[in-house]
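Here is the structure we will look at.
None of these values were measured; they are calculated from a predicted model. Order of the sequence lines sets the chain letters (A, B, ...), proteins ahead of strands, with each chain counted from 1. Both backbone and side-chain heavy atoms feed into the values below; hydrogens, waters and symmetry mates do not.
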Amino acid sequence: MVKKDVFTIDGEVVQIIGRELLDWYNRNRRDLPWRKDQDPYKIWVSEIMLQQTRVDTVIPYFQRFIEQFPTLDDLAKAPEEQVIKAWEGLGYYSRVKNLHAAVKEVSAHYGSRVPDDLETISKLKGIGPYTAGAVLSIAYNKKAAAVDGNVMRVFSRLFALTDDIALASTRKKMEHIALQLIPEDAPGDFNQALMELGALICTPSSPQCLFCPLQSVCNAYAEGIEEELPRKKKAKPPKRMDMVMLWLAQDQRALVEKRPDEGLLAGMWGLPTIHLAEAKDPFGEARRFCDKNGLDVTNVTIAGKFEHIFSHQHWKVTVLRGDVKRANDIASPALTWMSAQQIKDKPFSNVYRKALQLFI
DNA sequence: TAATCGTGGCG
DNA sequence: TCGCCAAGATT
């Protein structure tokens, strides 16, 4: 039997970290909207919104969302498109679809009470290891690891760990460390304190080590390598793609397209969009699209060009406009006509809002 | 494991 | 200007 290489932390260091961190947090915690009470539903919503998203961006979305859906059951009862509309512009839209589905699940099968055990809550859509631990610890004060990017950065420096934080195995190692550090009496505050420290002091670049409550026990600071950590493999640059969007208008309405239920911008509305293959002509492809859908179109011109960068795709967009003389039976069920007001009321992602600015 | 999935802010 | 990245989950 091979002895497993487990990272253990000296008991005295554990005590110092717990005490210093909680003390610092009590003096420096930000007054954020989701910290006004301990409603598991609100904490859940905030944690989903905060995934890969900055606090300053989330705040207004969170406030509007809770105003619109004050309780878990309010959200469970709401039509999906209304819920997606409340998320418009936040990005990563599968988050809101998963949240809505999970909330309906809790409403229907758990008496509208957010599960308070790791196994049950982890089965809910959109709740992974981090979010499960965050909700359990913050809402229910249960001892659970909530290891996000902040925590991995803090631990990488605190213990001078050179593991690649992009790897899942590293997150598990960090969870093991977290469980050794979390005080029995304050798991929620401790987890939030770790993240708060990562956000305010132990920042990705130019960490404010001089103001850090853990400076005396930080290995990276002692070695002067805090700027070298954490280690993380570089992401691939987004793939460049030539796209054509169509603004096809008839009688004060435009042709819009509901995007597929899976993939990029799933469930959002958009303008008809064509991925332009290498060396293809925008006008020719637009013509093909119109012919295929029985659209008799004239006066096709370039309305504008812009670029939009997603996580893995870099769109170079050409927007064409045209007047629809006659529309026969439209082939695709995803296509429909909308007025300017209807377009305002439906969820369109930002990349399409950019294009729509050219017209409305 | 690595790719997918948005957006905006910042050094 | 542009690469990096921010309270990740899913496949």
Side-chain angles (χ1 to χ4, degrees), chain A residues 29-30 32-35 42-62 84 87-99 101-102 121-135 137-139 145-154 164-172 174-175 178 188 191-200 202-207 227 230 232-241 259-268 270 307-315 347-354:
Chain A
R29 72 198 301 254
R30 288 170 291 179
L32 300 171
W34 45 89
R35 287 180 177 164
K42 292 183 199 166
I43 290 166
W44 180 6
V45 170
S46 76
E47 291 301 339
I48 301 298
M49 284 189 172
L50 285 162
Q51 288 170 7
Q52 302 294 284
T53 311
R54 290 181 153 71
V55 166
D56 289 342
T57 302
V58 167
I59 289 173
Y61 277 92
F62 177 82
I84 294 177
W87 207 271
E88 182 185 71
L90 249 193
Y92 285 154
Y93 299 99
S94 67
R95 290 185 295 176
V96 70
K97 299 210 294 183
N98 286 335
L99 172 64
I121 201 173
S122 296
K123 287 178 183 161
L124 295 171
K125 282 190 181 177
I127 298 195
Y130 163 75
T131 305
V135 173
S137 62
I138 298 170
V147 175
D148 71 337
N150 286 310
V151 174
M152 289 201 280
R153 184 171 59 255
V154 170
D164 181 350
I165 64 169
L167 299 176
S169 57
T170 301
R171 201 207 66 243
K172 286 184 181 171
M174 301 282 187
E175 285 174 347
N191 282 341
Q192 291 186 85
L194 270 179
M195 292 187 275
E196 199 82 338
L197 188 75
L200 301 180
C202 196
T203 49
S205 62
S206 309
E227 292 273 17
K232 187 179 180 183
K233 197 186 64 179
K234 268 188 227 167
K236 283 200 318 186
K239 181 184 176 187
R240 290 179 169 284
M241 300 173 72
R259 296 187 56 89
D261 283 331
E262 295 186 349
L264 188 64
L265 308 178
M268 304 291 287
E307 298 190 12
H308 187 87
I309 302 173
F310 301 100
S311 306
H312 288 79
Q313 294 180 21
H314 181 160
W315 285 12
F348 282 73
S349 74
N350 281 17
V351 67
Y352 288 109
R353 292 287 172 199
K354 278 190 190 178

Open item on the list: Would you measure the distance from the P atom in C/dC4 across to the matching atom in B/dA3 and give it in whole Å?
Closed with: 15 Å
TODO: Please measure how far the P atom in C/dT11 lies from the corresponding atom in B/dG6, and state the result in whole Å.
DONE: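 Nearest-Å result for C/dT11 against B/dG6 at atom P: 14 Å.
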Open item on the list: Suppose we call a contact any N or O donor and acceptor under 3.5 Å apart; does that hold for the side chain of A/Thr53 and the base of B/dG6?
Closed with: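 Result: at least one qualifying N/O pair found.
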Task: Check: A/Thr57 side chain, B/dG8 base, donor-acceptor under 3.5 Å - done: no
Task: Sugar-phosphate only, base, or nothing, as touched by A/Lys233 at under 4.0 Å among non-hydrogen atoms - done: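 Touches sugar-phosphate only.
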TODO: May I ask you to say what A/Val58 touches in the nucleic acid, namely base, sugar-phosphate or nothing, with a heavy-atom cut-off under 4.0 Å?
DONE: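 Since no nucleic acid heavy atom lies under 4.0 Å of A/Val58, the category is nothing.
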Task: 5'-most by nearest nucleotide on DNA chain C - A/Leu50 or A/Ser122 - done: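 On the 5' side of the pair lies A/Leu50.
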Open item on the list: Quick check on DNA chain B: between A/Leu167 and A/Gly263, whose nearest nucleotide comes earlier from the 5' end?
Closed with: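 Taking each residue's closest nucleotide, the earlier one in sequence belongs to A/Leu167.
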TODO: On DNA chain B, check which nucleotide each of A/Ser169 and A/Gln313 is closest to and give me the residue with the more 5' one.
DONE: A/Ser169
Open item on the list: If we ignore hydrogens and angles and just use 3.5 Å, is the side chain of A/Asn350 paired with the main-chain N or O of A/Arg353 as donor and acceptor?
Closed with: no
- [ ] Indicate whether OP1 or OP2 belonging to C/dC5 is found under 4.0 Å from a side-chain N or O atom of A/Arg153.
- [x] no
TODO: State plainly whether the residues A/Arg30 and A/Glu196 are in salt-bridge range, i.e. N to O under 4.0 Å.
DONE: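 Yes, charged N to carboxylate O under 4.0 Å.
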Task: Residues, nucleotides or ligands: over 12 heavy atoms within 6.0 Å of A/Lys354 NZ - done: yes
